[in-house]
Amino acid sequence: MQKQVLVTGGLGYIGSHTIVELVQSGFAVVAVDNLSNSSRLVLDRIKRITGKEIDFYELDCSSEEHLRSVFEKHDFHGAIHFAALKSVEESMIYPEKYRFNNVFSTEVLQKLCVEFHVEKLVFSSSCTVYGTPEVNPVDENCILQPPASVYGETKQSCEKLLLASKGIKNLVILRYFNPIGAHPTGYLGEDSRVAPTNLVPILCEVALGKRDTFHVFGTDYDTPDGTCIRDYIHVCDLARAHVQSLLFNQTNALEIFNLGVGRGFSVKEILDVFQKVIGRTISITYSPRRVGDISAIWAVSNKAKLHLNWSCLFGAEHALEHAWNWVSKKDLES
Ligand code: NAD
Ligand code: WQD
């Protein structure tokens with residue numbers, strides 16, 4: 001009998017890649033999404049890769065009534081909670097929208113997981129909870145810093161409320177570093193409704209001619225080449241860590257894992273790899289720092305490697321190649 005898994009925000013970037021891995025690992029997936037940052041096209045893309053249809057409900061996770069009706073129809077072994085708004089900039093303009101959407105939906109889901117005796121809840125957190133780290137690389141014991149954005153505040157609030165919850169049997173908090181890339185088939189990738197603010201989608205838009213130039217935000221950071229350093233992880237490696245989290249037979253009720261590759265790349269390094277992947281140069285403009293950016297952060301992910309029996313299959317070059325493959329194919333379709 002296949003184990004049923006609820007995936008909230010399942011049609012989004014990381015959720016959809018995770019669904020592919022779950023289906024390919026034999027789980028029966030039930031996805032819910034309010035489509036605020038995704039579309040139903042993602043269901044066809046998942047089917048194209050896996051050959052399987054998944055159950056889908058269009059609903060908002062902040063509606064207890066609507067989410068409860070899904071719990072009543074299914075018998076969930078686990079739930080993975082991706083549903084959230086994720087724009088750092090937007091969260092500063094609409095703080096209450098972010099607090100309500102991200103924190104209240106987590107509260108609703110947590111309550112239902114307890115009531116319906118769901119064995120395992122996996123929560124999407126972020127390296128943003130570490131703020132500006134005093135040292136790199138960052139491990140899970142690093143003290144959390146005051147959040148730099150309302151988005152970051154919502155991730156800290158969700159972690160806190162889940163940690164305080166008594167009824168969840170097995171809770172896994174995954175702190176992602178910088179997810180990039182797309183499915184190697186080229187049939188699935190990042191497809192936000194809102195204009196991108198992250199590095200790789202913007203690079204792709206410049207290479208496609210949709211933007212004139214790529215702005216490097218800041219060249220005077222205290223890093224070897226002066227540009228910011230991040231830990232870029234392939235979205236499919238991230239996705240597999242969710243499957244492993246469900247399979248993981250945890251002895252502690254709570255586990256927190258960093259998910260990164262464990263190596264920092266500067267913006268300039270990523271630019272070099274990207275231009276190599278696409279086989280040409282792109283227009284680059286060296287611009288002032290972006291407000292709110294930290295100089296450098298990268299992860300120690302040894303805990304995830306050890307306990308989740310997980311490691312990254314892809315490096316930055318693969319991730320950029322797959323992202324480029326995805327946007328090039330998608331662009332031809334439209
Ligand atoms: P995404 O926007 O592509 O996916 C989120 C999905 O959730 C979207 O399909 C959206 O429509 C849906 N959604 C939002 N609010 C909802 C609600 N109230 N009810 C139902 N559906 C709702 O984002 P993503 O990049 O796939 O991120 C997934 C999760 O990972 C989020 O929790 C995000 O905060 C977290 N995260 C993302 C990154 C990143 O850089 N992408 C990094 C760290 C953590
Ligand atoms: C990466 C680097 C930019 C665009 C954000 C969130 C974080 C997490 C991941 C959710 C930075 C530089 C970017 C551009 C540039 N999300 N850059 N020119 O800011 O590390 O993290 O996404 O939890 O919480 O803050 O990611 O992709 O925006 O930027 O030079 O046009 O690329 O300055 O150094 P970031 P990013």
Side-chain angles (χ1 to χ4, degrees), residues 7-18 31-40 42 57-63 66-67 80-89 91 97-98 100-106 108-109 122-131 147-149 151-152 154-155 158 174-180 189-194 196-203 205-206 211 213-219 221 223 227-233 235 238-239 242 259-260 264-268 270-271 284-298:
V7 181
T8 76
L11 303 204
Y13 175 43
I14 306 170
S16 56
H17 289 81
T18 301
V32 300
D33 201 299
N34 65 3
L35 307 183
S36 58
N37 197 30
S38 52
S39 78
R40 282 179 183 269
V42 173
Y57 299 87
E58 181 178 343
L59 60 79
D60 195 296
C61 295
S62 62
S63 163
H66 292 159
L67 198 54
I80 309 181
H81 187 37
F82 293 104
L85 295 169
K86 65 166 177 179
S87 161
V88 170
E89 288 81 355
S91 76
K97 177 180 164 189
Y98 268 67
F100 180 80
N101 190 74
N102 293 4
V103 185
F104 188 62
S105 347
T106 304
V108 169
L109 179 68
V122 180
F123 176 68
S124 296
S125 192
S126 163
C127 65
T128 192
V129 299
Y130 295 119
S149 67
Y151 168 73
T154 67
K155 287 292 161 189
C158 290
L174 300 177
R175 292 182 181 150
Y176 316 151
F177 280 65
N178 287 54
I180 59 166
E190 188 160 9
D191 194 11
S192 284
R193 283 180 185 270
V194 293
T197 56
N198 292 119
L199 183 146
V200 174
I202 290 177
L203 272 181
E205 288 194 353
V206 175
R211 292 183 190 234
T213 189
F214 177 79
H215 293 273
V216 175
F217 294 142
T219 51
Y221 284 97
T223 58
T227 66
C228 294
I229 294 177
R230 298 288 184 272
D231 186 333
Y232 297 95
I233 176 168
V235 66
L238 200 60
H242 293 76
L259 295 176
F265 276 85
S266 73
V267 176
K268 276 189 181 162
I270 291 289
L271 270 172
I284 296 168
T285 305
Y286 294 101
S287 300
R289 291 181 177 199
R290 184 172 68 176
V291 176
D293 272 344
I294 60 168
S295 162
I297 185 165
W298 68 97

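Computed from a predicted model, the values in this text were never measured in an experiment. Whatever order the structure lists them in is the order used to number ligands and atoms, beginning at 1.
- For the pair Leu11 and Val42, the tightest heavy-atom approach, listed with the atom from each and the gap, is O-CG2, 3.5 Å.
- For atom 5 (C) of ligand 1, the closest heavy atom belonging to the protein is Ala84 O, 3.8 Å.
- No side-chain donor from either of Thr223 and Ser266 sits under 3.5 Å from a side-chain acceptor of the other.
- For the pair Arg230 and Phe177, the cation-pi criterion (under 6.0 Å, within 45° of the ring axis) is not fulfilled.
- Close contacts between ligand 2 and Cys228 involve ligand atoms 34 (O) [criterion: under 4.0 Å to a heavy atom].
- What sits closest to atom 10 (C) of ligand 1 on the protein, heavy atoms only, is Asp33 OD1, 3.4 Å.
- Residue contact check for ligand 1: Ser16 places no non-hydrogen atom closer than 4.0 Å to it.
- At a 3.5 angstrom cut-off on N or O pairs, Ser38 counts as close to ligand 1.
- Near Arg230, the atoms of ligand 2 lying under 4.0 angstrom from a non-hydrogen atom of the residue are 11 (C), 20 (O), 34 (O), 35 (P).
- For the residue pair His81 / Ser124, no side-chain donor-acceptor distance below 3.5 Å is found, with atom types taken as modelled.
- Counting only heavy atoms of the protein, atom 2 (O) of ligand 1 lies nearest to Asn37 ND2, 2.8 Å.
- No heavy atom of Ser192 sits closer than 4.0 Å to any atom of ligand 1.
- Which parts of ligand 2 touch Ser126 is read off a 4.0 Å heavy-atom cut-off, strictly below it: atoms 10 (C), 23 (O), 24 (O).
- Considering backbone and side-chain atoms alike, Phe82 places an N or O below 3.5 Å from some N or O of ligand 1.
- Taking a 4.0 Å cut-off on heavy atoms, Lys155 registers as neighbouring ligand 1.
- Looking from atom 3 (O) of ligand 1 to the surrounding protein, the closest heavy atom is Tyr13 N, 2.8 Å.
- Neither the backbone nor the side chain of Cys127 comes within 4.0 Å of ligand 1, counting heavy atoms alone.
- When heavy-atom distances to ligand 1 are checked against a 4.0 Å cut-off, Leu59 comes that close only through its backbone atoms N, CA, C and O.
- When heavy-atom distances to ligand 2 are checked against a 4.0 Å cut-off, Lys86 has no atom that comes that close, whether in backbone or side chain.
- Here the heavy atom of the protein found nearest to atom 27 (O) of ligand 2 is Leu199 N, 2.8 Å.
- Between the choices Tyr176, Tyr151, Tyr232, Phe177, the shortest heavy-atom distance to atom 33 (C) of ligand 1 belongs to Tyr151.
- Ligand 1 has no N or O atom lying under 3.5 Å from any N or O atom of His81, backbone or side chain.
- For Asn178, every heavy-atom contact with ligand 2 shorter than 4.0 Å involves the side chain, none the backbone.
- For atom 24 (P) of ligand 1, the closest non-hydrogen atom on the protein side is Lys86 NZ, 3.8 Å.
- In terms of protein heavy-atom proximity, atom 24 (O) of ligand 2 is nearest to Thr128 CB, 3.3 Å.
- The protein atom (non-hydrogen) at minimum distance from atom 26 (O) of ligand 1 is Ile14 N, 2.8 Å.
- In terms of polar-atom proximity, Gly12 is counted as a contact of ligand 1, with an N or O under 3.5 Å from an N or O of the ligand.
- The closest protein non-hydrogen atom to atom 13 (N) of ligand 1 is Asn34 OD1, 3.4 Å.
- Ligand 1 lies within reach of Leu35, whose nearest heavy atom is under 4.0 Å from it.
- Taking the six-membered ring where the residue is Trp, the centroids of Tyr286 and His215 are separated by 6.0 Å or more.
- Those atoms of ligand 2 that come under 4.0 Å of a heavy atom in Ile202, given as number and element, are 31 (O).
- Nearest to atom 25 (O) of ligand 2 by heavy-atom distance, out of Val129, Thr213, Val88, is Val88.
- Comparing heavy-atom distances from atom 23 (O) of ligand 2 across Phe217, Tyr151, Tyr130, Tyr176 singles out Tyr151 as nearest.
- Heavy atoms from both the backbone and the side chain of Ser36 come within less than 4.0 Å of ligand 1.
- Summary of contacts: the protein heavy atom closest to atom 38 (C) of ligand 1 is Pro179 CG, 3.9 Å.
- Of the polar atoms of Val32, none of the N or O atoms is found under 3.5 Å from an N or O of ligand 1, judged by distance alone.
- Taking a 4.0 Å cut-off on heavy atoms, Asn198 fails to register as neighbouring ligand 1.
- Annotation: atom 2 (C) of ligand 2 to nearest protein heavy atom, Tyr232 OH, 3.5 Å.
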